[in-house]
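Below is one structure; the comments refer to it alone.
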2 protein chains.
Amino acid sequence: MVPVIRELARCYQAFQRASDAHIRHSGLTPPQFDIVVTLGNTDGMTFKDLGNRTLITKGTLTGVVDRLEARGLVARAASPTDGRSTLVKLTPEGERLFHRVFEPHLAFLAPAFESLPECGRKELEKRLRQLRLALEKRSQDLARQG
Amino acid sequence: MVPVIRELARCYQAFQRASDAHIRHSGLTPPQFDIVVTLGNTDGMTFKDLGNRTLITKGTLTGVVDRLEARGLVARAASPTDGRSTLVKLTPEGERLFHRVFEPHLAFLAPAFESLPECGRKELEKRLRQLRLALEKRSQDLARQG
DNA sequence: GGGAGTTAGTTCTAACACGAACTATTATAG
DNA sequence: CTATAATAGTTCGTGTTAGAACTAACTCCC
């Protein structure tokens with residue numbers, strides 16, 4: 001079991017390192033990039049939605065959005081339907097940045113993934129999902145009774 | 001390609017969440033646990049070795065070891081062979097903690113991994129290594145010429 | 001053996017991470 | 001209706017993170 005864990009961690013960290021190093025060329029930090037990409041091609045969404053999609057907790061999200069807003073890449077707006085909610089949306093400048101960085105980033109990563117045969121990717125994806133579901137179940141077990 | 005990336009990220013994060021939640025019961029943070037486990041069953045090692053095995057960068061390592069040392073779980077000692085190096089070693093109390101937390105932690109995670117058939121784990125491990133090597137190559141390409 | 005370059009660890013800064021406490025708003029129970 | 005519970009975001013405290021600048025000690029080369 002330990003070898004699979006190690007390989008999972010190393011693979012993800014290798015992905016992070018490659019991805020992050022490329023992202024930093026855009027002047028964004030990885031979480032900021034994550035937000036910009038998530039907001040790309042949408043009309044904006046609430047903090048709650050953003051948090052769900054990016055897996056960034058709400059306390060952290062406030063700061064990340066603050067910094068993006070300070071740079072003029074996103075804007076906050078009150079929700080018309082719920083006084084508690086705040087909508088976050090890319091500004092025109094944010095939109096421009098999104099289009100400038102997203103596709104090139106995928107293109108940068110593509111060669112690594114294409115080194116696996118198509119069937120290998122499908123296989124990997126299937127196994128990862130299987131393991132993830134089992135791990136999520138484990139978390140729930142812990143939450144229920146330690 | 002994007003689906004595999006998403007599944008890799010989600011699987012690793014699911015692992016982190018399950019693992020971290022269990023680890024926190026031991027009173028250690030995940031990086032601290034990582035250090036204690038790495039030092040377990042050894043005679044201690046240098047910061048450099050610790051950094052290589054845990055993938056924690058040296059600047060971060062100083063702080064993590066500081067906090068473990070403040071709690072009396074590890075001790076620093078000058079290297080007898082290299083005046084620049086510092087050896088980090090579990091104290092007797094650190095040893096006790098290691099034995100108390102390591103095996104139970106593996107036992108906690110085991111059910112999730114055993115939900116995959118043996119061949120599935122081998123398969124997964126192989127694919128992850130393959131992808132990792134390709135990703136590391138990508139990082140090197142970037143470092144060489146952007 | 002002495003100077004140039006390398007290496008080990010520390011310090012610093014800016015950003016992120018999580019959880020808990022807090023405020024304001026909305027929903028629900030009775 | 002109104003007291004109570006749930007929810008959305010912010011703030012705060014502690015710890016982690018990477019990277020760059022720094023100090024001290026080692027290595028290499030002539």
Side-chain angles (χ1 to χ4, degrees), chain A residues 9 12-14 16-36 44-52 54-71 73-88 139 143, chain B residues 9 12-13 16-36 44-52 54-71 73-88 139 142-143:
Chain A
Y12 180 73
Q13 282 159 353
Q16 287 277 71
R17 252 196 302 281
S19 175
D20 292 3
H22 188 249
I23 283 172
R24 284 181 199 281
H25 285 201
S26 70
L28 295 174
T29 64
Q32 288 169 7
F33 180 86
D34 203 0
I35 298 298
V36 169
M45 60 184 78
T46 64
F47 273 82
K48 181 176 166 56
D49 290 339
L50 261 182
N52 286 338
T54 60
L55 302 180
I56 297 175
T57 51
K58 59 185 184 176
T60 303
L61 207 46
T62 296
V64 177
V65 170
D66 280 351
R67 283 178 285 273
L68 285 172
E69 193 172 25
R71 290 180 51 185
L73 298 173
V74 307
R76 281 176 167 90
S79 165
T81 63
D82 187 332
R84 295 165 299 183
S85 286
T86 307
L87 297 175
V88 186
S139 285
Chain B
Y12 181 74
Q13 282 159 354
Q16 287 277 69
R17 252 197 304 279
S19 176
D20 291 3
H22 188 249
I23 283 172
R24 285 183 198 279
H25 286 201
S26 70
L28 296 174
T29 64
Q32 289 169 5
F33 179 87
D34 202 0
I35 298 298
V36 169
M45 61 184 76
T46 63
F47 272 82
K48 181 175 166 56
D49 289 339
L50 261 183
N52 286 338
T54 59
L55 302 180
I56 296 175
T57 52
K58 60 186 184 175
T60 302
L61 207 47
T62 296
V64 177
V65 170
D66 281 350
R67 283 178 285 272
L68 285 172
E69 193 172 25
R71 290 180 50 184
L73 298 173
V74 307
R76 282 176 165 91
S79 164
T81 62
D82 187 332
R84 296 165 299 182
S85 288
T86 307
L87 297 175
V88 186
S139 285
L142 185 63

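Everything numeric in this text was worked out from a predicted model, so none of it was measured. Within every chain, numbering begins at 1; the chains are lettered A, B, ... in the order of the sequence lines, protein sequences first and strands thereafter.
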Close N or O pairs between protein and nucleotides 23-28 of chain D (under 3.5 Å):
residue : atom : partner : partner atom : Å
D/dC26  : OP1  : B/G83   : N            : 2.5

>> If I take atom CG in residue B/L68 and atom P in nucleotide D/dG15, what distance separates them, rounded to the nearest angstrom?
In response: 11 Å
>> Are the side chains of B/L73 and B/R67 in contact, using a 4.5 Å heavy-atom criterion?
In response: no
> Rounded to the nearest 0.5 Å, how far does CZ of A/R24 lie from OG of A/S26?
Replying inline: 9.5 Å
> With a non-hydrogen cut-off below 4.0 angstrom, is A/T46 in contact with a base, only sugar-phosphate, or nothing?
Replying inline: sugar-phosphate
> Hey, which of these two, A/L61 or B/I56, hits DNA chain D nearer its 5' end, going by closest nucleotide?
Replying inline: A/L61
> Counting any heavy atom closer than 4.0 Å, what does B/R76 reach on the DNA or RNA strands: base, sugar-phosphate only, or nothing?
Replying inline: sugar-phosphate
> Separation of A/Q32 atom CD from C/dA17 atom P, in whole Å?
Replying inline: 10 Å
>> Can you tell me which nucleotide in D/dT16, D/dA18, C/dA8 comes closest to the side chain of B/T57?
In response: D/dA18
>> Is there a side-chain contact between A/L28 and A/L68 in this structure, where contact means two heavy atoms from C-beta onward sitting under 4.5 Å apart?
In response: yes
Please list each protein N or O that sits under 3.5 Å from an N or O in nucleotides 11-14 of chain D, with the distance.
none

> When the C1' atoms of the five terminal pairs at each end define the local axes, what inter-axis angle does the helix from C/dG1-D/dC30 to C/dG30-D/dC1 show, to 10 degrees?
Replying inline: 30°
>> Please report the distance, rounded to the nearest Å, between CD1 in B/I35 and P in D/dG15.
In response: 15 Å
> Out of curiosity, A/L50 CG to A/K48 NZ, how far, rounded to the nearest 0.5 Å?
Replying inline: 12.0 Å
> Taking atom C1' of C/dG19 as reference, at what distance in whole Å does atom CZ of B/R24 sit?
Replying inline: 9 Å
>> Within the 4.5 Å heavy-atom criterion, are A/P80 and A/L87 side-chain neighbours or not?
In response: yes
>> Please tell me if A/Q16 has a side-chain N or O lying less than 4.0 Å from either OP1 or OP2 of D/dT17.
In response: no
> Roughly how many Å is it from CG in B/D34 to P in D/dT17, rounded to a whole number?
Replying inline: 9 Å
> When rounded to the nearest 0.5 angstrom, what is the spacing between CG in A/D49 and OG1 in A/T54?
Replying inline: 10.5 Å
> Which whole-number value in Å describes the distance from A/K48 NZ to C/dT26 P?
Replying inline: 16 Å
> Can you tell me how far C1' of C/dG9 sits from CG of B/N52, to the nearest Å?
Replying inline: 14 Å
> Phosphate oxygens OP1/OP2 of C/dA14: is one of them under 4.0 Å from a side-chain N or O of A/T29?
Replying inline: no
> Do A/R76 and A/F47 come close enough that some side-chain heavy atom pair is under 4.5 Å?
Replying inline: yes
> Whole-Å distance between D/dT17 P and A/Y12 OH?
Replying inline: 13 Å
> Do A/I35 and A/I56 come within less than 4.5 Å of each other through their side chains, counting heavy atoms only?
Replying inline: yes
> Nearest heavy-atom pair of A/A14 and B/S139: which atoms, and what distance?
Replying inline: O-OG, 4.5 Å
>> Quick one, B/T46 and B/S79 - any side-chain contact, counting heavy atoms below 4.5 Å?
In response: no
